[in-house]
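First up is the structure itself, then whatever we jot down about it.
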2 protein chains.
Amino acid sequence: MNEPNQISLCLVEDDPEIGELLRLVIQHSPGFHCERVFTNGEAACAQLPMLNPDIVLLDIGLPDINGIECLIKLRSIMPGTDFVILSVLQDDDSLFNALKAGARGYLLKDTPPAELIAALHELRDGGAPMSPSIARRIVSSFHKSADSVLTDREQTILQQLCDGHDYQVIARALYISGHTVRSHIKNIYKKLEVSSRAEVVSKAMKDRLI
Amino acid sequence: MNEPNQISLCLVEDDPEIGELLRLVIQHSPGFHCERVFTNGEAACAQLPMLNPDIVLLDIGLPDINGIECLIKLRSIMPGTDFVILSVLQDDDSLFNALKAGARGYLLKDTPPAELIAALHELRDGGAPMSPSIARRIVSSFHKSADSVLTDREQTILQQLCDGHDYQVIARALYISGHTVRSHIKNIYKKLEVSSRAEVVSKAMKDRLI
DNA sequence: GGCAAATTGACCCATATGTGGGATTGTCGG
DNA sequence: CCGACAATCCCACATATGGGTCAATTTGCC
């Protein structure tokens, strides 16, 4: 059906005008072929597996099914397809849930056509196209929080806790008594406002304390 | 000292030839001014805080101090400076440790001069420049592992564990008995090869099981 | 129908953990 | 010099947790 060597795309975009605009932009770019534009999540989930395009540009704010829900449903049954979010939404939940769900890129709707096409090339060359502000947010999410409320010693203990060591093991590793370890842990719990191993590990990893 | 509106850079690069090449590339780009090229980590750590450039391009494989160590030392005392890694290294440890240490970008040494300059512009425009393969690795690191060994119910329980709930709370939340929760947890421990709350939460978050 | 796996529930027991104290020593800044 | 804080150590007690074992019920699949 397609020209050989052409990369096939589908769009999922509820605004017909924007969808049509995007379709034209892609259609006029050599090497790319826009198969279809879906305007709701239901139809996209039902028919995308049959079309099995190389790339799907996926909006998040759809009238029926959330775009991320579509992604979760589709990704496992379309392993050869790269899903890229194309949305106005840039809140943390949308961004990181989309990434967790398997998005290979995240572009904002204000991306100029030329950059959109560049992003598609980058995707097919093994990259992961992101709008600059999105890239910044993703990279920043790795940054260790600089000024911790914890002392150096408490940081060390926290690291040991996150490695799953019980306090006898920690005591031996740090050449201090088990009692001391427990004291430190009590202080850590107070400072981080938690009250169990699971909570402290969870909070430490979520807040990038280690 | 600088032209107004010029962005000042420093390089940390142990190979003098490459360093000089990069300096020339940057120097000939309008809007950028290359202040200095350091060829070892010691000198860079000592003198960068005085120069306080807008951007530092930082190699990782240095003869004395590891580039990431430099980054850890310098970032807290140079909050206005953007550090970007420029390295041949692309192993997971180098990449993710650099990000944790506060790198704002990660470029590979094979980046063509034009793209390097584009990356500098992107950085100053609020982005986070990355080589495509690096971007792909970073984005992939968020992906939830698709085929878990855990059953649906075990996934649910694991989620609860990661939220720091004890098993009485989990039992009430899921309308099942505490004994059942314990059974599930025991099965989870066996499958994930762990033997404590801390370990299971740690593994779940590291392996993106939740 | 029958088997395997998932889900649910239960018991016992040793140990780890969380919480409440209290105490000593050293360091650092005012 | 003194107060605040970090780091060390100790005691006691109630509860949570991990390990072993067993079994009923449901579900899906051959």
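This is a predicted model, so every value here is computed, not measured. Note on naming: letters A, B, ... go to the chains in the order of the sequence lines (proteins, then strands), and numbering restarts at 1 for each one. Because only heavy atoms are used, hydrogens play no part in the values below, and waters and symmetry mates are left out as well, while side chains stay in.
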Side chain to side chain donor-acceptor pair (under 3.5 Å) partners of B:Arg23, counting only residues at least two apart: B:Glu20
Axis-to-axis angle between the two ends of the helix from C:dG1-D:dC30 to C:dG30-D:dC1 (five base pairs per end, rounded to 10 degrees): 60°
Summary of salt bridge (Lys or Arg N to Asp or Glu O under 4.0 Å) pairs that have at least one residue in residues 196-210 of chain A, sequence neighbours excluded: A:Lys203-A:Asp207
Footprint string (nucleotides 14-30 of chain D, 5' to 3'): B base within contact, S backbone only, - free, heavy atoms under 4.0 Å: ---BBBBB---------
Interface with DNA chain D, restricted to residues 201-210 of chain A and to heavy atoms under 4.0 Å: none
Pairs where residues 148-175 of chain B contributes a residue and the test ring-ring contact (aromatic ring centres under 6.0 Å, His included) is met, not counting sequence neighbours: none
B:Lys191, nearest nucleotide to its side chain (from D:dC9, C:dA6, D:dT8): C:dA6
Selection: residues 148-155 of chain B, any non-hydrogen atom under 4.0 Å of DNA chain C: B:Thr151, B:Arg153
Listed once per pair and sorted, the ring-ring contact (aromatic ring centres under 6.0 Å, His included) pairs that draw on residues 61-103 of chain B, sequence neighbours left out: A:Phe142-B:Phe96
Side chain to side chain donor-acceptor pair (under 3.5 Å) against B:Ser87, all qualifying residues, sequence neighbours excluded: none
Selection residues 88-101 of chain A - residue pairs positive for salt bridge (Lys or Arg N to Asp or Glu O under 4.0 Å), sequence neighbours left out: A:Asp92-A:Arg137
Side chain to side chain donor-acceptor pair (under 3.5 Å) against B:Asn187, all qualifying residues, sequence neighbours excluded: none
Residue pairs, two or more places apart or on separate chains, that pass side-chain hydrogen bond (donor to acceptor under 3.5 Å, both in side chains) and touch residues 119-135 of chain B: B:Asp82-B:Arg124
